[in-house]
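Working notes for the structure below.
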Amino acid sequence: MTWRATILTLFPEMFPGPLGVSLAGRALASGLWELEARDIRASATDRHRSVDDTPAGGGPGMVLRADILAAAIDAADIAPGRPRLVMSPRGRPLTQSLVAELAAGPGPLIVCGRFEGIDQRVIDARGLEEVSIGDYVLSGGEIGAMALIDACVRLLPGVMGKLSSGDDESFSAGLLEYPQYTRPQDFEGRPIPDILLSGDHARVAAWRRAEAEALTRNRRPDLWQAHAKQTGNQKAPKSTTDG
Ligand code: SAH
């Protein structure tokens, strides 16, 4: 079965957008994954096709109505077993491990909020899991949904050129990635580190590992703590390239 993302949005014209180019776009065109963007407004019932109303209890902005959104979810006819997500700053943080979990499944339904958010009762009644892409507030869920889908699609079989190219990337071992270099050999007086040109694969691997550990410890003590706990490795080597 082909991995499929179903989006519920007030702005279906935003899709595929950036997902239609480069790696994800080529994979979409060649049928390695599928994208369906559905207009929530198609489930509106009144003459003005309204989807939102003022918040109960007062306050600024508008809230997406539970009945309209529930009708839109039901109309999407999502197979049982597909994850049902709603983008939300209160949600479970989107991490590489959640991405890997979603990429390994059949592909999610993703509800994109707008305005002040959506009525709590549709989240509860349709069992939506809230997912956040970070501790900041966007104006809508679409960009978050795109980030989530992009991260999943590049893990799908056949999408990345070299099968192994996801393996030693940032986060996949709980570490940030080592620095990358390519030609020219000398850039404004900055040479490529010698070891990388030595042809000694074991030394290259050890150097990269050491850089990844040092970078992680310097920049992301939170990730380093988690990694150190898992591996029992408390000491990170000093970076030759970072801070
Ligand atoms: N009033 C809400 C924010 C609403 S922003 C609050 O304070 O929590 C409007 C919509 O944008 C949300 O319903 C959600 O779908 C999306 N959104 C905003 N920030 C997001 C984030 N960090 N991660 C995922 N979705 C987000």
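Values below: all heavy atoms of this structure, side chains included; hydrogens, waters and symmetry mates excluded. Each ligand, and each atom within it, is numbered from 1 in the order the structure gives.
Atoms of ligand 1 lying under 4.0 Å from at least one heavy atom of Ser132, given by number and element, are 22 (N), 23 (N), 24 (C). Every atom of ligand 1 with a heavy atom of Phe115 under 4.0 Å away is listed here by number and element: 4 (C), 5 (S), 9 (C). Close approach of ligand 1 to Gly117 is summarised as follows: ligand atoms under 4.0 Å from at least one heavy atom of the residue are 13 (O). In the vicinity of Val131, heavy-atom distances shorter than 4.0 Å reach the ligand 1 atoms 24 (C).
Looking at every heavy atom in both residues, Asp39 comes nearest to Pro12 through CB-CG, 3.7 Å.
The protein heavy-atom contact nearest to atom 2 (C) of ligand 1 is Glu116 O, 3.3 Å.
Looking only at side-chain heavy atoms (C-beta outward), Asp242 and Pro179 stay at 4.5 Å or farther from each other.
Below 3.5 Å of separation, one finds an N or O of Gly134 facing an N or O of ligand 1.
Here atom 3 (C) of ligand 1 lies nearest to Val137 when heavy atoms of Val137, Leu138, Leu85 are compared.
If you look at Ser88 next to ligand 1, the close heavy atoms, those under 4.0 Å, all belong to the backbone. The residue Val86 has no part lying near ligand 1, judged by heavy-atom distances below 4.0 Å.
Atom CG of Leu35 is surrounded by more than 12 heavy atoms from other residues, nucleotides or ligands within 6.0 Å. Residue Asp194 qualifies as open at atom CG: its count of foreign heavy atoms under 6.0 Å is 12 or below. Counting non-hydrogen atoms of neighbouring residues, nucleotides and ligands closer than 6.0 angstrom, the CD atom of Gln230 reaches no more than 12 such neighbours.
Not a single heavy atom of Leu64 sits under 4.0 Å from any atom of ligand 1.
For atom 7 (O) of ligand 1, no protein heavy-atom neighbour is present inside the 4.0 Å cut-off.
Among Gln225, Arg219, Arg220, the single residue meeting the side-chain hydrogen bond (donor to acceptor under 3.5 Å, both in side chains) criterion with Asp222 is Arg220.
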